[in-house]
Amino acid sequence: MAHSAGADHLNGLQESSRTILDNYQNQVRTRRIYTAVSIVIFLIILGTSLDFANSANSGKFFERLPYFFDFMKSFVPDSPLEIFRAMFDLPSPYSDGSIKYDYTSDRVWITDSFYIPNLFYELAITLNIAIVSTILGASGAFLLCFFASTNLVGAGLTRWIVRRIMEIMRAFPEIVTAGLLAAILSIGPISAIIAVWFHTVGALGKLFFEVVENADMKPDEGLRAVGAGWLERVRFAILPQVLPNFVSYTLLRTEINVRASTIIGAVGGGGIGEVFSLSIGRDHAAKTYAIIILLLITVICVDQFSAWLRQRLIGRQSFEFGRGAA
């Protein structure tokens, strides 16, 4: 009798396991079907896009595709040292009277004997646009994000309005906003700062309120239990948790804004982007590569500064723990 009961129990377990296995296999097959359908749809969209690009390019897209790297092969400086000379406004041995090799005339003189290389001066303008717009944008996003968080204000009208405002602000690319402002405020850094600030508020605001919504609410519950107000709960329960991520996202946005300021400069926003547009249009290879190197170094420096600041805010022990685990 006991043997029969044990056999029945074993058969029941086997049947349950078989059912679980069948369900798992069905899910795997369904996932594979969805994956295959997604790949087919992607390939159809890709092929349609390439066909449209070929048609828009008068049927020359695929014909000219093998020559994609020809420009890079021909766009080389006369000497690697020319990049260094263009970067620091030094005289060129290839000078022929044209502006292509006339680096010294671009010097920005501070005194009669001291000058700043023009590319560094223009890079400073671009960095100024990026930093000022990031500070203003991060400040605006900081003020708005708490009102857009469901765990702090609920799902009421305030949250809905603030989120719609941020969506509108990040819906327009910086270059579009800068083009509209240029018609009103004229071409220059002010238009670039406003355009980058406008987009930064919307982009950082979304990241900020998502961080706030993922915060641990137990400290908030404790402060609420002792009668703390809304601002006190935000200040002492939420802000210490989210501040490191806020700083990290802000510094990441600084990198993005450096590139955005460069692009806006190419269409009249000033800074190194304008010089880059002119140099590549005039076939000034040395100056173009010098600008690319300066921008690359700038982004690396911002990234390293971001890592250092995160260590100071979070604590070096968190990074050492992760490194030891690896």
Side-chain angles (χ1 to χ4, degrees), residues 86-89 103 105-111 114-143 169-170 172-205 207-208 246-280 284 287-310:
M87 187 179 297
F88 293 97
D89 292 350
Y103 309 131
S105 63
D106 293 331
R107 295 173 176 176
V108 180
W109 292 94
I110 305 300
T111 65
F114 177 75
Y115 72 91
I116 298 177
N118 181 60
L119 295 186
F120 286 87
Y121 177 78
E122 298 294 341
L123 179 61
I125 294 176
T126 298
L127 289 175
N128 180 65
I129 294 172
I131 292 172
V132 171
S133 58
T134 302
I135 292 174
L136 296 176
S139 300
F142 180 84
L143 294 175
M169 296 184 79
R170 68 174 178 269
F172 301 97
E174 297 94 332
I175 194 168
V176 174
T177 309
L180 294 174
L181 292 172
I184 303 172
L185 303 175
S186 76
I187 294 175
I190 298 299
S191 299
I193 289 174
I194 296 176
V196 178
W197 159 79
F198 191 79
H199 190 272
T200 299
V201 172
L204 277 183
L207 296 174
F208 283 4
F246 279 13
V247 173
S248 179
Y249 282 135
T250 300
L251 290 171
L252 174 62
R253 191 67 206 183
T254 303
E255 295 180 33
I256 297 172
N257 286 348
V258 169
R259 293 187 286 271
S261 302
T262 303
I263 295 172
I264 292 175
V267 295
I272 201 168
E274 185 175 357
V275 181
F276 179 80
S277 177
L278 291 174
S279 63
I280 199 172
H284 295 180
K287 187 174 290 187
T288 301
Y289 285 112
I291 293 171
I292 293 173
I293 292 171
L294 285 176
L295 288 174
L296 178 62
I297 293 173
T298 301
V299 172
I300 292 174
C301 289
V302 172
D303 180 67
Q304 294 301 312
F305 177 72
S306 172
W308 173 82
L309 193 55
R310 277 181 56 83

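Heavy atoms only: backbone and side chains are in, while hydrogens, waters and symmetry mates are out.
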Notebook entry, point to check: Do Thr134 and Thr250 touch side chain to side chain, with heavy atoms closer than 4.5 Å?
Noted result: yes
Check: Which residue, Val299, Thr298, Ile297, forms the side chain to side chain contact (heavy atoms under 4.5 Å, CB included) with Cys301?
Finding: Ile297
Next item on the list: Check the pair Thr177 / Ile194 against side chain to side chain contact (heavy atoms under 4.5 Å, CB included), numbers first and verdict last.
Entry: CA-CA 8 Å; Thr177 309; Ile194 296 176; 5.6 Å; no
Note to self: Checking Leu295 against Leu123 for the side chain to side chain contact (heavy atoms under 4.5 Å, CB included) test, could you report, in this order, the C-alpha distance in whole Å, the side-chain angles of both residues, the deciding distance, and whether it holds?
What the structure shows: CA-CA 8 Å; Leu295 288 174; Leu123 179 61; 4.1 Å; yes
Margin query: If you compare all heavy atoms of Tyr249 against all heavy atoms of Leu204, which two are closest, and at what distance to 0.1 Å?
Written below: O-CD2, 3.6 Å
Checklist line | Atom of Ala141, atom of Gly205 and distance for their closest heavy-atom approach | finding: CB-N, 3.4 Å
Check: Please walk me through it: do Ile292 and Phe276 pass side chain to side chain contact (heavy atoms under 4.5 Å, CB included)?
Finding: CA-CA 9 Å; Ile292 293 173; Phe276 179 80; 3.9 Å; yes
Item checked: Gap separating the CH2 atom of Trp109 from the OH atom of Tyr121, nearest 0.5 angstrom -> 15.5 Å
Note to self: What's the separation between atom CD in Glu174 and atom OG in Ser191, rounded to the nearest 0.5 Å?
What the structure shows: 14.0 Å
Check: Do the side chains of Phe120 and Met87 get nearer than 4.5 Å, heavy atoms only?
Finding: yes
Next item on the list: I would like to know whether Lys287 and Asp106 meet side chain to side chain contact (heavy atoms under 4.5 Å, CB included); could you show each step before the answer?
Entry: CA-CA 12 Å; Lys287 187 174 290 187; Asp106 293 331; 3.0 Å; yes
Notebook entry, point to check: Closest heavy-atom contact between Ile125 and Pro189?
Noted result: CG2-CG, 4.5 Å
Item checked: Any donor-acceptor N or O pair under 3.5 Å, side chains Ser279, Thr288 -> yes
Check: Which pair of non-hydrogen atoms, one from Gly137 and one from Thr200, has the smallest distance, and what is that distance?
Finding: CA-CG2, 3.9 Å
Check: Of the non-hydrogen atoms in Arg253 and His199, which two are nearest, and what is the gap between them?
Finding: NH2-ND1, 2.9 Å
Next item on the list: Find the distance between CG (Asn128) and CD1 (Ile193) and round it off to the nearest 0.5 Å.
Entry: 5.5 Å
Next item on the list: State, to 0.1 Å, how close Thr262 and Thr126 come at their nearest heavy-atom pair, and which atoms those are.
Entry: OG1-CG2, 3.7 Å
Next item on the list: For Asn118 and Asp89, indicate whether the former's side chain and the latter's backbone hold a donor-acceptor pair under 3.5 Å.
Entry: no
Check: Which word best sums up how the rings of Phe142 and Phe246 line up, parallel for under 30°, tilted for 30 to 60°, or perpendicular for over 60°?
Finding: perpendicular
Notebook entry, point to check: Roughly how far apart are Ile264 CD1 and Ile129 CD1, rounded to 0.5 Å?
Noted result: 7.5 Å
Notebook entry, point to check: Just how far is it from atom CG of Asn257 to atom CG of Leu252, taken to the nearest 0.5 Å?
Noted result: 9.5 Å
Notebook entry, point to check: In terms of heavy-atom contacts, does CZ of Phe88 have more than 12 from other residues, nucleotides or ligands at under 6.0 Å?
Noted result: yes
